[in-house]
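A quick write-up on the structure given underneath.
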Amino acid sequence: KGATETELRYRGSPSPIKAEDTKQYVSTTGPKMTTEEYAHATQLYFERCAGCHGVLRKGATGKPLTTDITREKGVDYLKALITYGSPAGMPNWGTSGELSPADIDELTRFLLHEPPSPPEYGMKEMRKSWNVFVPVDKRPKKKMHKYNIENFFSVTLRDSGEIAIIDGDSKKIVSIIKTGYAVHISRFSASGRYLFTIGRDAKIDMIDLYMNPPTRVAEIKVGLEARSVETSKYYGQGGKFVDKYAIAGSYWPPQYTIMDGDTLEPLKIVSTRGMTVDTQEYHPEPRVAAIVASHEHPEFIVNIKETGKILLVNYSNLDSLQVQTINAARYLHDGGWDASKRYFLTAANKSDKIAVIDSKDRELEALIDVDKIPHPGRGANLIDPEHGPVWVTSALGNDKITFLGTDPVKHKSKAWKVARVLHGQGGGSLFVKSHPKSKNLWVDSPLNPDTGISQSVAVFDVNNLDKGYEVLPIAKWADIGEGPKRVVHPEYNQAGDEVWFSVWSGKEQQSAIVVVDDKTRKLKAVIKDPKLITPTGKFNVYNTMNDVY
Ligand code: DHE
């Protein structure tokens with residue numbers, strides 16, 4: 001039960017696509033439905049169903065719901081499924097009271113019609129949305145404030161459409177910047193000067209950290225829905241690609257966009273529609289998940305969720321783009337580098353596998369079986385006393401924390417194999433973290449249904465892994481009153497001697513950031529401010545730009 005509940009909480013975010021932006025067809029072959037009913041059902045579908053079943057209903061974490069399938073299942077079956085849910089993870093929208101019988105009737109009929117199609121979004125639309133607020137020649141030549149940029153944290157304020165820039169040294173909020181609907185992640189340019197954020201609505205904001213205070217210098221919208229942004233980090237060829245490009249992947253339309261790294265000018269848009277890795281069937285909506293920048297070649301590594309393919313996109317000549325396609329497994333989600341930054345390890349979460357890409361030799365190094373919905377974030381790298389260098393992931397579906405060997409030279413027998421499995425507090429874990437200077441491994445569990453577990457964090461001693469974990473009551477330490485107070489996303493400071501946690505409460509409630517001393521595991525600071533609304537992801541400039549985790 002716990003696992004299903006936690007998985008649902010994770011998947012449940014509504015799609016920001018609006019029904020009125022879609023092309024809708026009320027066909028004569030489906031059951032009777034007015035255009036108003038179809039439009040209303042479309043909005044309900046985007047808010048409740050599209051996250052799992054896909055905008056075009058081709059299926060992802062949820063089953064496909066195309067008319068060849070729904071018409072065979074019939075009205076009674078569909079109504080019962082929406083009302084009561086299923087053990088496989090479908091929520092009980094009816095009995096939970098979230099949808100009325102009239103809504104369910106409308107949704108059922110909607111599923112028997114062809115799906116509406118959201119608009120395409122190409123160069124014309126992107127250029128219209130593109131704004132440069134401060135041209136390159138008007139930007140400062142040097143840092144205009146006293147702060148150490150490399151110890152800034154960019155913090156997602158999920159429900160207020162903002163990010164906070166917090167100075168890691170003083171723990172002061174340096175600036176709150178309006179970005180747009182639910183920023184998902186922050187990434188930094190290779191030099192660390194520019195911060196890029198991407199919202200669920202596919203809007204990118206580019207912030208110049210040299211300015212006092214850090215200020216937005218450009219923006220663009222690359223689609224209707226998105227999750228990933230990254231910048232070129234290849235230092236070879238005289239460093240000519242440092243800060244040169246940015247890339248964003250979108251969920252809708254299914255495509256990625258390469259932009260100028262100084263201005264966000266859109267340069268190249270590439271569709272990801274195509275055949276799935278296993279059954280080799282056409283998929284109209286392969287969403288772009290995690291993107292990382294290779295350190296070995298002028299390349300971006302791009303996860304395509306629904307087709308289960310990983311693309312190596314070489315940006316050295318955009319007019320003759322070379323894209324190498326590596327077969328992995330469905331549905332690719334998040335991932336990060338091993339400590340050597342040669343191997344990219346990424347979760348194929350519905351196949352319960354971790355794919356390993358060798359970015360130097362440009363090939364699939366391994367596909368490793370792990371247990372029930374791995375969710376690493378960027379993962380954690382540490383030295384296992386028995387097995388040498390390992391990369392770690394936790395899971396949504398159970399309490400397992402899996403160590404994978406990453407050293408094919410000195411620890412060959414464990415390389416790309418499960419070297420060790422620890423048991424944490426429970427399922428519903430999203431992120432793990434360690435640091436080259438630390439002896440701790442931190443494991444959150446924000447989506448666990450037990451509040452004792454979701455409001456605390458487990459910490460393991462890397463040199464004494466059999467001892468089990470210590471539980472730190474992070475939400476209690478924050479002392480912020482009522483609310484869900486999920487403890488999420490450990491992130492180290494630049495020095496690697498502090499770990500920061502978000503205590504993520506409701507929009508109307510107080511949230512906080514709790515800073516723990518990594519050595520003593522004692523509370524070091526609580527950052528509380530009415531402006532810190534629903535903090536989730538936090539990204540330290542130095543660690544994120546250098547891929548230290
Ligand atoms: Fe995330 C990373 C997608 C829900 C917080 N999330 C990612 C990435 C993807 C993704 C593809 C990898 C980006 C990269 O590295 O380039 N996330 C999705 C979803 O599709 C999903 C399941 C549902 C949705 O509708 O968005 C989802 N994610 C969430 C949340 O509910 C979280 C917990 C809170 C929030 O802010 O929305 C959340 N996701 C994060 C964070 C990262 C992330 C903090 C970056 C982790 C890191 O350390 O790099």
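Every number for a ligand or one of its atoms is a count from 1 in the order of the listing. Owing to the predicted nature of the structure, the values given are computational and were not obtained by experimental measurement. Just so you know, these numbers use all the heavy atoms, side chains as well, and skip hydrogens, waters and symmetry mates.
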| field | Residue pair N546 / K341: nearest heavy atoms and the distance that separates them | value | O-NZ, 2.7 Å
| Looking at Y549, F153, F539, which hits ring-ring contact (aromatic ring centres under 6.0 Å, His included) with H489? | F539
| said: Distance alone, cut at 3.5 Å: any donor-acceptor contact between the side chains of S394 and S429? | reply: yes
| task | Indicate whether the side chain of R273 and that of H283 have a donor and an acceptor atom separated by less than 3.5 Å. | result | no
| task | Report the residues that fulfil ring pair (Phe, Tyr, Trp, His ring centres under 6.0 Å) with F241, sequence neighbours left out, ordered by chain and then residue number. | result | Y315
| request: Kindly write out the residues that satisfy ring pair (Phe, Tyr, Trp, His ring centres under 6.0 Å) with Y256, not counting sequence neighbours, or none if the list is empty. | output: none
| remark: Heavy-atom proximity to atom 14 (C) of ligand 1, picking from P490, A290, A347, points to A290
| field | The one among R200, H375, R187, H184 that brings a heavy atom closest to atom 7 (C) of ligand 1 | value | H184
| field | ligand 1 versus F431: contacting region, heavy-atom distance under 4.0 Å | value | side chain
| field | Among H333, R227, R158, E225, closest by any non-hydrogen atom to atom 34 (C) of ligand 1 | value | R158
| field | For ligand 1, the portion of E491 having any non-hydrogen atom under 4.0 Å away | value | neither
| query | Between S228 and ligand 1, is there a nitrogen or oxygen pair with a distance under 3.5 Å? | reply | no
| Going by atom types alone, do Y492 and W442 pair a side-chain donor with an acceptor below 3.5 Å? | yes
| message | Using a 4.0 Å cut-off to any heavy atom of A289, which atoms of ligand 1 qualify? | response | 11 (C)
| query | Is there a heavy atom of V488 sitting under 4.0 angstrom from any atom of ligand 1? | reply | no
| What are the atoms of ligand 1, with element, lying closer than 4.0 Å to any heavy atom of I185? | 2 (C), 13 (C), 14 (C), 16 (O), 42 (C), 43 (C), 45 (C)
| query | Which ligand 1 atoms, with their elements, are less than 4.0 angstrom from a heavy-atom of R378? | reply | 47 (C), 48 (O), 49 (O)
| note | Per-atom filter on ligand 1: closer than 4.0 angstrom to a heavy atom of G537 are 44 (C)
| request: Could you list the atoms of ligand 1 found under 4.0 angstrom from a heavy atom of L430? | output: 33 (C)
| said: With no hydrogens and no angle check, just 3.5 Å: does a side-chain donor-acceptor pair link Q425 and S456? | reply: yes
